[in-house]
Amino acid sequence: MSSEGGVTTEGVEVTRGRLLEVWPQKCVFVVEEILKTEQDYVASLRQIIEGYLKPMHSHLFEHAESPLSIAAVFGNITQLHEFNTALEEELKASQDNPAAYGQVFVRNRDKFMYYAEYCTNYTSAVKYLGHLIDHNPHLGTFIAQCQKNIQHSFSLHDRLLKPVQRILKYQLLLENLLKPLSPDHCGYTSISEARTCMTDVADHINKMVKVQVHVCECVRICVHVCECVRICVHVCECV
């Protein structure tokens, strides 16, 4: 039986035994948590795509409505799923190699930036989803049926938040992984670089979100000013 599968109890025990040879015990718990939560996260993304995105796309097409609205709601979630599926495999393959483990994050820095697009659009995406449901009652019913079909308590709104939560959690997980390591451990430099990398990614995304919020507020103000000017012009013409 493979020691890397982690599917059965025996596989998990063998894997942990191997991990304890190369990591301090506290680190082993974190490495296992990173992989387990990554697997759960990838499964959640897959469920969003198969349980909501694809059925909704077909539903809107059948009702002669623009499928572009689907892109506005789900953003680049398919791209995130493809990336994190590959990331999961890289983490699994390097979990017993501390020197290489952190480099998985550093090497994928540019791909983690895919999350900037998703996170900056998240607030408007959720608002747009609400707009679609308010103006399209049968779509709301269809989404409720999708949730029932996948037999899960989380709503679509809850699921759309998961990528935002996940990208900001990596730095915390890596911080927990770094703490028990002594500077002379073979994985210390690698994990330290990974922690710095993911902190930079999170900071960049937070800045992008703030910029997006500022832009949206400016647009809102401009629309309000234009409306006021339009009313004033109309009043002057009436006088």
### Query
Using 30° and 60° as the class limits, which term best fits the ring planes of His135 and His131: parallel, tilted or perpendicular?
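Rings of His135 and His131: tilted, as their planes differ by 30° to 60°.
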
### Query
Should the pair Tyr114 and Phe83 be assigned to parallel (<30°), tilted (30 to 60°) or perpendicular (>60°) ring geometry?
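Answer is perpendicular, since the angle exceeds 60°.
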
Enumerate the salt bridge (charged side-chain N to carboxylate O under 4.0 Å, His left out) contacts for [range], please, sequence neighbours excluded, ordered by first and then second residue.
range	result
residues 41-52	Glu50-Lys54
residues 140-169	Glu38-Arg166
residues 173-193	Glu175-Arg195

If the condition is ring pair (Phe, Tyr, Trp, His ring centres under 6.0 Å), which residues does [X] pass it with, not counting sequence neighbours?
X	value
Phe154	His152
Tyr115	none
Tyr41	none

### Message
Test of understanding: with salt bridge (Lys or Arg N to Asp or Glu O under 4.0 Å), list the residues that count as partners of Glu89, not counting sequence neighbours.
### Response
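Partners of Glu89 by the salt bridge (Lys or Arg N to Asp or Glu O under 4.0 Å) criterion, ordered by chain and then number, come out as Lys92.
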
### Query
Under the salt bridge (Lys or Arg N to Asp or Glu O under 4.0 Å) test, which residues partner Glu88, sequence neighbours left out?
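Counting only residues at least two positions away or on another chain, Glu88 forms no salt bridge (Lys or Arg N to Asp or Glu O under 4.0 Å).
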
### Query
Hey, do the aromatic rings of Phe74 and Tyr52 have their centres closer than 6.0 Å?
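So the answer is no for these two rings.
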
Could you list the residues that satisfy side chain to side chain donor-acceptor pair (under 3.5 Å) with [X], not counting sequence neighbours?
X	value
Gln145	Asn149
Asp40	Lys36
Glu21	Arg18
His157	none

### Task
Apply side chain to side chain contact (heavy atoms under 4.5 Å, CB included) to the pair His138 and His59, showing each step before the final yes or no.
CA-CA 10 Å; His138 65 81; His59 178 78; 3.1 Å; yes

